[in-house]
Protein chains: 2
Amino acid sequence: MPDHTRPPDKRATIYDVAAEADVSPSTVSRAFSRPSRVNSETAERVRQVAERLGYRTNPLARALTTSRTRMIALVIADITNPVYAGIVRGAQETAMHDEYTTVLIDAQESDRLERAAIERTMSTVDGIVLASSRMSDSAIRMFAKQRPVVVLNRAVADVPCVVTDNPRGVRRAAEHLGELGHDHITYVAGPQASWPNGIRWRSLLEAGMELEIKVRQIGPFSPTIEGGERAAEELRARPATAVLAFNDQMAIGLIRGLTRMGVDVPGDVSIVGFDNTLAADIVTPGLTTVAAPFYAEGSAATRHLLTMIEGAPGHAGRPMVLPVRLVVRHSTAARRSAGRARQWVRQPPAPDPAAHRS
Amino acid sequence: MPDHTRPPDKRATIYDVAAEADVSPSTVSRAFSRPSRVNSETAERVRQVAERLGYRTNPLARALTTSRTRMIALVIADITNPVYAGIVRGAQETAMHDEYTTVLIDAQESDRLERAAIERTMSTVDGIVLASSRMSDSAIRMFAKQRPVVVLNRAVADVPCVVTDNPRGVRRAAEHLGELGHDHITYVAGPQASWPNGIRWRSLLEAGMELEIKVRQIGPFSPTIEGGERAAEELRARPATAVLAFNDQMAIGLIRGLTRMGVDVPGDVSIVGFDNTLAADIVTPGLTTVAAPFYAEGSAATRHLLTMIEGAPGHAGRPMVLPVRLVVRHSTAARRSAGRARQWVRQPPAPDPAAHRS
DNA sequence: CTGAAAGCGCTAACAG
DNA sequence: CTGTTAGCGCTTTCAG
C-alpha cells in the first residue's frame with residue numbers, strides 16, 4: 001500500500017529537462033508555452049527530452065506567474081435536477097475542447113452556499129458560468145467585476161447572459177392548447193425567486209392577450225413532483241381544462257395528483273410542462289412539454305466565457321437567446337364540452353379526506 | 001462593461017498586510033495557517049488588518065509551496081445518469097465541510113476521455129474519487145500510485161474501495177420474487193465492462209442456488225431505456241415471468257417494450273430494477289427496485305479520501321460495503337399459471353404510443 | 001532564437 | 001512567539 005504522506009516521487013521539473021537537453025530553463029519554458037510560438041528544432045528536441053523524462057508542466061506554478069489557471073467554475077442551482085446534466089456536459093465539453101478544466105459547484109438552491117462557494121473558488125478560476133443563480137443581481141454584478149462571468153437562464157443587466165426563448169416556448173404551448181379548443185389556461189407557478197418563472201407567466205399573459213385565451217395563475221409551489229401534487233389539490237377547488245406548469249416535475253406531480261383524484265389527463269385536463277426532461281417521456285400519459293437545448297446552453301455560455309477570458313469585451317447588451325420547441329405527447333387533447341369539463345370537481349374524491357372545503 | 005483583459009484590481013498580498021500591521025510576512029502567514037496554531041493578540045490584530053485590506057490568501061501560491069491544493073477530483077462515468085447526482089452531492093458536501101473544493105469530471109462512458117481528463121487534472125488535486133470508473137484495474141492502480149485514490153462501485157485490488165451490497169440487494173429481489181411464486185428469474189444484463197453488472201449476475205446465480213430458483217441471463221444491452229426496449233424484443237422469443245434488470249433505466253425500457261407488445265406488467269411479467277432512481281416512481285406501474293444509498297456512497301468515499309490525504313494509511317483491504325434495501329412498488333406480482341404466462345408472446349403488438357412530433 | 005536574472009505570493013526552515 | 005532567509009516551478013523582462 002503506497003504511503004501518501006509525502007508526494008511519492010518528485011516529478012521532473014523544467015530544470016531537469018533543461019539540464020538533460022543542455023539548454024536554459026527559459027528555452028524549455030518556451031517550448032511548452034502556448035500558443036506554441038516556437039518551432040525551432042531545439043524546441044522539438046526539448047519536447048522529446050521532456051517526454052522521455054515524463055515531464056509535465058506544473059499548472060500551479062504556471063498559474064502563479066501568469067495568473068491564469070485554465071479552470072472555470074460552473075455553478076448550478078441543484079445537481080439533483082436533471083436539466084443541469086445537459087448544461088454541465090455542454091459546458092464541460094466546450095471547456096475541455098479549449099483545454100480548460102471545469103469546477104462544478106452545486107449551490108443546493110441556497111443563496112448563502114452559492115456565495116460562499118464562489119468566494120472560495122473565485123481566485124482559482126479564470127471565469128465563472130452562473131447557471132440559474134439564486135443570488136441577487138447586485139451580488140452577481142459584484143462577482144462580475146472581479147472575474148469574467150456569464151449568466152445562464154437569467155437576464156442580469158451589465159452582465160453577459162444566455163437564456164432560452166421562454167416567450168416563444170410559452171407562445172407555442174398556448175397556441176397548441178388554443179388549437180385544441182382551450183380558451184382558458186392556468187399557469188402553475190414555480191418559485192417566486194426564479195427568473196424563468198416570472199418571464200413564463202408574463203409571456204403567458206401576453207400570449208393570452210394575443211390569442212384571446214384567458215389566463216390565470218396559481219401558486220407558487222415548489223418546483224418538484226410534490227409541488228405539482230399540491231397544485232393538483234388546489235386545482236380541485238378551482239378547476240381548469242388546460243394547465244401550463246413551470247416545469248416537468250411539477251407537471252408530473254399534477255398528472256399524478258389529478259389522476260389520483262379521478263380526473264382524466266388529458267380527457268378532462270390538458271397539461272403542458274417545461275424542460276422536456278427524460279421523465280416527461282416516462283410518465284403516463286407522455287408529457288407535452290417545451291424543450292430547451294440544455295447542451296447548447298451550457299456550451300454557448302462557456303464559449304462566451306472563454307472568449308471573455310481571452311480578452312474579448314464580453315458583450316453585455318441584450319442576452320443571447322437560444323431557441324426552444326414544443327414536444328407534443330399525450331398529456332394534451334381536445335377540450336371536451338364545458339359541462340363535461342366542469343364535472344371532474346364533483347367526482348368522488350379518492351381516499352383523501354383532507355381535501356373537502358366548502 | 002468591465003474590461004477583463006487584465007486582472008482589474010490587484011488583490012492585497014501578504015506583504016501589504018505585513019507592512020500595514022507592522023509585522024513580518026511570516027507572521028501574517030502564520031496568522032492564516034491551518035490549523036490556526038497561533039492565537040496571540042498579534043495574530044488577531046493581523047487578521048483584522050487583513051480583513052480591512054480585503055486580503056485573501058492566494059491558494060495557488062500556497063499550493064506551490066505546500067503541494068496541497070485542497071481540491072479533489074470526482075470522476076463519474078456519465079453525468080446524464082441520475083444515479084450520480086446523489087453521489088456528487090454526497091462527495092461535494094463532505095468535501096466542502098472540510099473546506100475542500102471538488103472538481104467534477106464527466107468521463108462520458110469513455111475510457112480514453114477519463115484517462116485524459118485525469119491526467120490533466122491530477123497534478124492540481126490532492127486526491128481522486130473514481131465513481132464507476134471505466135478504466136482498467138491497472139490504469140487505476142497507476143493513478144493510485146501518484147495520488148490518493150478511492151474507487152466507488154467497484155472493487156480494485158490494492159486500492160481503497162466503497163461498494164454497495166449488491167449480493168444482498170440481488171438476494172432480496174430474488175426472495176421477493178420467490179415469495180410471489182416465481183421459480184425462474186431472467187437477468188437482463190448491462191454493459192459487460194461494468195463491475196456491478198458482473199457481481200449482480202454472480203449474486204443472482206448464488207441466490208438462485210440457495211433459493212432453488214432457476215436463473216438465466218440475456219444481453220448484454222446498453223444500460224438505457226432503449227437497451228431495455230431491445231431486451232423486451234429478445235424476451236419475446238424467450239418469455240419469462242420474472243425479470244431482474246441491471247438498472248432502472250433498462251427496467252423501464254422493459255416495461256415500456258413489453259407493454260407495447262401487449263404484455264401485462266406485472267400480470268404476465270414481474271420486473272425488478274436497480275438503483276431506485278426518481279424515474280422508478282414515475283413510470284407506470286411503479287418499479288420495484290433495489291435502492292442504493294447514493295449520497296452515502298459519495299460521502300463515504302470522499303471522507304475516506306480525505307483521511308488518506310491527511311496522511312492516513314488508506315486501508316485497501318476489503319471494500320467498504322454500504323447497505324441496500326428493496327423498494328417494492330407495483331411492477332412485481334404473484335405469478336399466474338404457467339400456461340397463462342406463456343401466452344403473452346402471441347398477443348398482437350399494440351400500436352406504438354410514443355409517436356412524438358415537434 | 002536563446003540565455004541570464006528577477007520575481008509571482010506564499011511557506012518552511014532556521015535562529016533569536 | 002517572531003523575524004530572516006531561501007526557495008516552490010514557472011514565466012518574463014531584458015540583453016545578446
Side-chain angles (χ1 to χ4, degrees), chain A residues 5-47 49-50 53-71 99 120 122-126, chain B residues 6-47 49-50 53-71 120 122-126:
Chain A
T5 322
R6 297 287 157 209
D9 48 353
K10 287 211 127 336
R11 297 184 89 32
T13 76
I14 217 172
Y15 300 108
D16 301 326
V17 179
E20 187 76 11
D22 199 40
V23 291
S24 76
S26 345
T27 305
V28 178
S29 171
R30 279 188 273 259
F32 283 94
S33 73
R34 85 171 42 246
S36 51
R37 55 186 180 218
V38 173
N39 286 317
S40 68
E41 85 179 39
T42 321
E44 191 43 51
R45 187 166 52 84
V46 166
R47 285 195 207 97
V49 171
L53 262 52
Y55 166 77
R56 324 228 49 176
T57 127
N58 179 335
L60 267 46
R62 171 172 283 181
L64 190 56
T65 52
T66 59
S67 57
R68 288 278 145 84
T69 58
R70 281 196 105 73
M71 294 203 277
E99 293 180 75
R120 266 202 306 103
M122 199 173 30
S123 65
T124 326
V125 298
D126 296 342
Chain B
R6 296 288 157 207
D9 48 354
K10 285 212 121 351
R11 295 183 92 25
T13 76
I14 217 170
Y15 300 107
D16 302 326
V17 178
E20 187 75 11
D22 198 39
V23 292
S24 76
S26 346
T27 305
V28 179
S29 171
R30 278 189 273 260
F32 285 94
S33 74
R34 89 172 38 245
S36 51
R37 54 187 181 217
V38 173
N39 286 317
S40 67
E41 85 179 40
T42 321
E44 191 44 50
R45 187 167 51 85
V46 166
R47 285 194 207 99
V49 171
L53 263 52
Y55 165 77
R56 325 229 47 177
T57 124
N58 178 333
L60 267 47
R62 173 173 281 180
L64 190 56
T65 54
T66 60
S67 56
R68 286 279 145 86
T69 58
R70 280 195 106 72
M71 295 203 276
R120 267 202 304 105
M122 199 172 31
S123 65
T124 324
V125 298
D126 295 343

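Lettering follows sequence order; numbering is per chain, from 1.
Here the C1' atom of nucleotide C/dC10 and the CZ atom of B/Arg56 are 16 Å apart, to the nearest Å. Rounding to whole angstrom units, CZ of residue B/Arg11 and P of C/dC8 are separated by 17 Å. To the nearest angstrom, P of C/dA4 lies 14 Å from CD1 of A/Ile14. In this entry the distance linking CZ of B/Phe32 with P of C/dA12 reads 16 Å, nearest Å. Rounded to an integer number of Å, the gap from A/Leu64 CG to D/dC10 P is 12 Å. When the C1' atom of D/dG3 is taken as reference, atom CG of B/Asp22 falls 12 Å away, rounded to whole Å. Between the CZ atom of B/Arg45 and the P atom of D/dC1 there is a distance of 15 Å, given to the nearest Å.
Within the structure, salt bridge (charged side-chain N to carboxylate O under 4.0 Å, His left out) contacts touching residues 53-63 of chain B (residues at least two apart or in different chains) do not occur.
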Short N/O separations, protein against nucleotides 4-7 of chain D, under 3.5 angstrom:
unit_1, atom_1, unit_2, atom_2, d
D/dT4, O4, B/Ser26, OG, 3.0

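You'll find that the side chain of A/Asn58 is closest to D/dC10, out of D/dC1, C/dC10, D/dC10.
Residue contacts for A/Thr13: at a heavy-atom cut-off of 4.0 Å it reaches the sugar-phosphate backbone alone, with no base atom in range. If you check every strand for non-hydrogen atoms under 4.0 Å, A/Val23 touches sugar and phosphate atoms only.
Considering only residues two or more places apart in sequence or on other chains, A/Arg70 meets the side chain to side chain donor-acceptor pair (under 3.5 Å) condition with none of them. Residues that satisfy the side chain to side chain donor-acceptor pair (under 3.5 Å) test with B/Thr57, not counting sequence neighbours, are absent from this structure. With sequence neighbours excluded, the residues that form a side chain to side chain donor-acceptor pair (under 3.5 Å) with B/Thr69 are B/Asp126. Legend: residues meeting side chain to side chain donor-acceptor pair (under 3.5 Å) with B/Ser29, ordered by chain and number and at least two apart, are absent.
Note that CG of A/Asp22 and OG1 of A/Thr42 are 11.0 Å apart. Values are rounded to the nearest 0.5 Å.
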